[in-house]
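To start, the structure itself, in structure tokens.
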There are 2 protein chains.
Amino acid sequence: MQDPLLNLAGYLLRRASSAALAELNARLAPLDLRHADVAMLMLAEAWPGLTQSAAGRVLGIQRANMVPFVEHLERRGLLRRRQVDRRSQALELTRSGRMLLKRARRVVSAHEAALLGRVPPGLRPVVVPVLTALWQGGALRDVQRRVRGPSAG
Amino acid sequence: MQDPLLNLAGYLLRRASSAALAELNARLAPLDLRHADVAMLMLAEAWPGLTQSAAGRVLGIQRANMVPFVEHLERRGLLRRRQVDRRSQALELTRSGRMLLKRARRVVSAHEAALLGRVPPGLRPVVVPVLTALWQGGALRDVQRRVRGPSAG
DNA sequence: GCTAGACTGCTATAAACTATAGCAGTCGAT
DNA sequence: ATCGACTGCTATAGTTTATAGCAGTCTAGC
């Protein structure tokens with residue numbers, strides 16, 4: 001009798017994710033960054049002026065949890081909050097945020113290469129499509145909607 | 001400019017995993033079980049007499065965290081600890097554990113079907129191979145080693 | 001204009017989960 | 001008989017995720 005869990009996509013998904021996450025965090029440790037920090041920085045660079053709550057929606061982080069998270073990045077001088085409304089705050093990278101992101105991006109690339117490298121060459125092209133499909137809500141088309149307005153829960 | 005995160009296997013892995021996990025937990029809520037509980041029950045059934053620490057190694061749960069975890073299942077009458085050594089404890093399902101697992105397994109199957117159903121039919125056969133490959137440490141061959149003895153962590 | 005409803009950032013708090021250090025006791029091999 | 005590895009355990013802390021609620025703001029419809 002062999003491990004019945006090893007045929008379950010959900011189980012494999014969880015284990016693969018947590019292993020990859022731990023590995024990425026270890027790789028990022030020298031930069032004193034965590035995976036979520038880099039995601040935030042990459043997002044802020046890609047969409048300058050993105051609102052704090054919009055960023056939360058894209059990243060799947062709740063409004064409440066965005067507060068200390070963004071505060072932390074701001075206190076490190078990587079991110080800046082600019083009042084756009086009297087209620088909304090746009091996020092943008094500082095110069096040092098951009099510089100650190102440059103280094104972080106190299107780490108992420110190495111991590112990605114390591115991940116893909118574990119997959120038999122023939123299967124590599126399907127990795128991203130498979131993961132995208134498994135993550136129901138994450139289709140490319142959805143994102144536009146998410147960024148612009150809420151009610152896309 | 002589109003979301004740069006959506007091309008990263010690591011990011012997609014994390015989002016897909018957390019979405020699937022949340023969904024599974026919601027499905028299991030009526031049984032008052034969480035995903036880890038079911039994994040433990042399935043493991044205990046597949047390998048009767050499995051030691052507590054061995055189970056922890058297989059599931060990637062640390063010894064320290066196994067204690068309250070197993071205690072909880074034992075207090076619910078789903079699992080029993082049997083002294084095998086004067087230091088080791090074997091885990092085995094109780095009758096009611098087996099019965100609940102039966103129901104849980106149906107929930108898990110439905111969840112798996114939902115996951116796979118999101119993937120284009122042509123890609124379905126590669127889902128498990130891709131995830132297995134991405135989860136470096138989880139290859140089938142490793143598991144035997146993990147269960148029998150330590151020093152494989 | 002003005003109001004109702006949706007939205008923003010925020011506080012406070014709790015539930016899970018994960019990780020580390022250390023302890024007493026046990027086992028196996030030399 | 002002893003040394004090193006192992007087991008279950010306590011205690012503790014850090015991380016992440018989730019919920020409820022508040023004051024203030026914006027917008028669409030009347």
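Sequence lines set the chain letters: A, B, ... in the order given, protein chains first and strands last, and positions in each chain run from 1. Model, not experiment: these values are computed from the prediction.
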For [X] and [N], what is the distance between atoms [atom1] and [atom2] respectively, to the nearest whole Å?
X       : N      : atom1 : atom2 : answer
A:Leu21 : D:dT16 : CG    : P     : 9 Å
B:Ile61 : C:dA16 : CD1   : P     : 15 Å
B:Arg14 : D:dT16 : CZ    : C1'   : 10 Å
B:Phe69 : C:dC17 : CZ    : P     : 8 Å
A:Asn65 : C:dT8  : CG    : P     : 16 Å
A:Gln52 : D:dT25 : CD    : C1'   : 15 Å
A:Met66 : C:dT8  : CE    : P     : 11 Å
B:His35 : C:dA16 : NE2   : C1'   : 9 Å

From the options [options], select the nucleotide whose nearest atom is closest to the side chain of [X].
X       : options                : answer
A:Ser88 : C:dT8, C:dG25, C:dA16  : C:dT8
B:Arg81 : C:dC27, D:dT15, D:dC9  : D:dC9
B:Gln89 : C:dG9, C:dC27, D:dG8   : D:dG8
A:Arg86 : D:dT10, D:dT25, C:dA19 : D:dT25
A:Arg63 : C:dT18, C:dT8, D:dT17  : C:dT8
B:Gln62 : C:dA19, C:dT8, C:dG9   : C:dA19
A:Ala64 : C:dA12, D:dC26, C:dA19 : C:dA12

> Under a 4.5 Å cut-off applied to non-hydrogen side-chain atoms, are B:Gln89 and B:Arg82 in contact?
Replying inline: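 A side-chain contact under 4.5 Å is absent here.
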
>> If you assign A:Pro68 and A:Ser18 each to the DNA chain C nucleotide with the nearest heavy atom, which residue ends up on the more 5' nucleotide?
In response: A:Pro68

>> Under 4.0 Å from OP1 or OP2 of D:dC6: is there any side-chain N or O of B:Arg57 that close?
In response: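 It does not, given that no N or O in the side chain of B:Arg57 lies less than 4.0 Å from OP1 or OP2 of D:dC6.
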
>> Measuring to OP1 and OP2 of D:dG8, would you say a side-chain N or O of B:Ser53 lies under 4.0 angstrom away?
In response: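 It does, given that an N or O in the side chain of B:Ser53 lies less than 4.0 Å from OP1 or OP2 of D:dG8.
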
Got a donor-acceptor contact below 3.5 angstrom from the [X] side chain to the [Y] backbone?
X       : Y       : answer
A:Gln83 : A:Asp85 : yes
A:Gln52 : A:Val70 : no
B:Ser96 : B:Gly77 : yes

>> Closest-nucleotide mapping onto DNA chain D: is B:Thr51 or A:Asn25 further toward the 5' terminus? I mean the 5' end.
In response: B:Thr51

> Is it true that atom CZ of B:Arg98 has more than 12 heavy atoms of other residues, nucleotides or ligands lying nearer than 6.0 Å?
Replying inline: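 Yes - once you tally the heavy atoms of other residues, nucleotides and ligands closer than 6.0 Å, there are more than 12.
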
> Does any donor-acceptor pair link the side chain of B:Arg87 with the base of C:dC27 at a separation under 3.5 Å?
Replying inline: no

